[in-house]
Amino acid sequence: IDPANRINREKLDLLIIDGKVADIDKNISVNDADIINASGLVIVPGLIDMHVHLREPGQEHKETIKTGTRSALKGGFTSIMAMANTTPVIDSVQVLRDVLARINDQAVVNVFQACSVTVRMSGEMLVDVDDLVVNGAVALSDDGKPVMNSQIMRNALIACKKHNIPLISHCEWIDKEYEGWIINKGEVSEKLGIIGIPNSAEERMVKRDIKLADETDSHIHIAHVSTAGSVELIRQAKKRGVKVTAEAMPHHFTLTDSAVEKYGANAKMNPPLRSKADVSAVIEGLKDGTIDVIATDHAPHAEYEKAKGLKDAPFGIVGLETCLSLVITELVNKGQLSLYEAIEKMTINPAKILNIKKGTLSVGADADITIIDLDKEWTVDPSRFESKGRNTPFIDWKLRGLPAITIVKGKEYRFSLSYD
Ligand code: DOR
Ligand code: ZN
């Protein structure tokens, strides 16, 4: 399956030479090739996760570039985009160069780097966009925090447009009204007696950012869509021709806020798990193309941090090693998306949004390839994760479908055996 080339379930051979796709055709015959027998498996372009928190530099107790990219590899991702909310924040050429050097040394998948929108992500001063883009930034985002100042957001959009990179909105409206929130505002928050995050907190920001993108004729990408209202705002904006794209995460199309009662802090993330109606709307958004991308928001935290209890634990869950299986189990096998549509949202769509030459099996492309075993059944056991993070609500879930082999620039990795 290669959605970029409209290939859907054709039985083809694929030839790799020197880390590139050299040919893709029926019955390729060459001498002296190493052969991977992938019969019964599905070959797709290496998966791309455009929303990952790697934590290095500064929070290596949660994750490092090495463990985070090994986690990506095990999950079938050959390219990821790392967010900028590290310590220090990736807001200057100096920090960016240091991080890119570390990536060059330690990463086992392709890592693209986002830089922050504002200096120290404090929302007050726009970064030097020109310098950061020249030095390798592929997107800007204060992900983890909203940019509350609309003038700064507008200037950021204009600067991103100049360089043809997306501005990624962490769509959350934080002011006095909403301070101290923990989980979704609804029956569960009321029952537990804790402050809930209303859908309007997200939707107000989605609305503002769509408006700014419209006014400046620039590209806004809405991160982690979680509410029915956001899906509808994005749907209508797309119809009007606004350059808006959007992503959804497996937890937001799989779980409702009732999971908080069962999984505690491992079901605490931002934006939070919402209602049944919101989950259905996110799935509808994926189905009708309103939501372009499936990404993880892989947000590793240490066990002692998540053990602080629902109120004090940090927001976020790991996602790289369960994403593909959740997509197959919850969307494809339940008839919500075809495998082709799902793969499109994890390959060529994020590649187009980030303007990166990835996400396709075209001849000449880097041989980044994921080979999927759709029938493989496994039980989620975080102690076997490559990630340092064990913070997942999907512990003991029985899922179907796993990457059997992941190939990065022609180099072959096999992880699935560790589940046997
Ligand atoms: O749950 C989240 N965790 N949401 C974010 O926006 C940030 C992330 C993190 O960095 O831990
Ligand atoms: Zn994030």
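In each ligand, atom 1 is the first atom listed, and ligand 1 is the first ligand listed. By convention here, the first residue in the shown sequence is residue 1.
Counting only heavy atoms from C-beta outward, the side chains of Ile356 and Met50 never approach each other to under 4.5 Å. The shortest distance between side-chain heavy atoms of Glu172 and Lys145 does not fall below 4.5 Å. Ile294 has its side chain within reach of Phe253: a pair of non-hydrogen atoms, C-beta onward, lies under 4.5 Å apart. Asp368 is listed as a side-chain neighbour of Lys409, based on a closest heavy-atom distance under 4.5 Å. Inter-residue side-chain proximity for Phe77 and Val52 is flagged as unmet; no heavy-atom pair is nearer than 4.5 Å. By the 4.5 Å heavy-atom criterion applied to side chains, His53 and Asp143 are counted as neighbours.
Of the residues listed (Asp292, Asp288, Thr245), the one engaging Lys238 in a side-chain hydrogen bond (donor to acceptor under 3.5 Å, both in side chains) is Asp292, and it is the only one.
Protein atoms of type N, O or S found under 2.8 Å from the Zn ion (ligand 2) total 4.
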| Between Val147 and Leu167, does a side chain to side chain contact (heavy atoms under 4.5 Å, CB included) hold up when you go through it step by step? | CA-CA 11 Å; Val147 177; Leu167 182 52; over 6 Å; no

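With respect to Lys388 and Glu303, no salt bridge is recorded, no charged nitrogen being found less than 4.0 Å from a carboxylate O.
Within 4.0 Å of ligand 1, the residues that place a heavy atom are His53, Arg55, Asn85, Asp143, Gly144, His170, His224, Met269, Asn270, Asp297, Ala299, His301, Phe315, Gly316, listed by chain and number.
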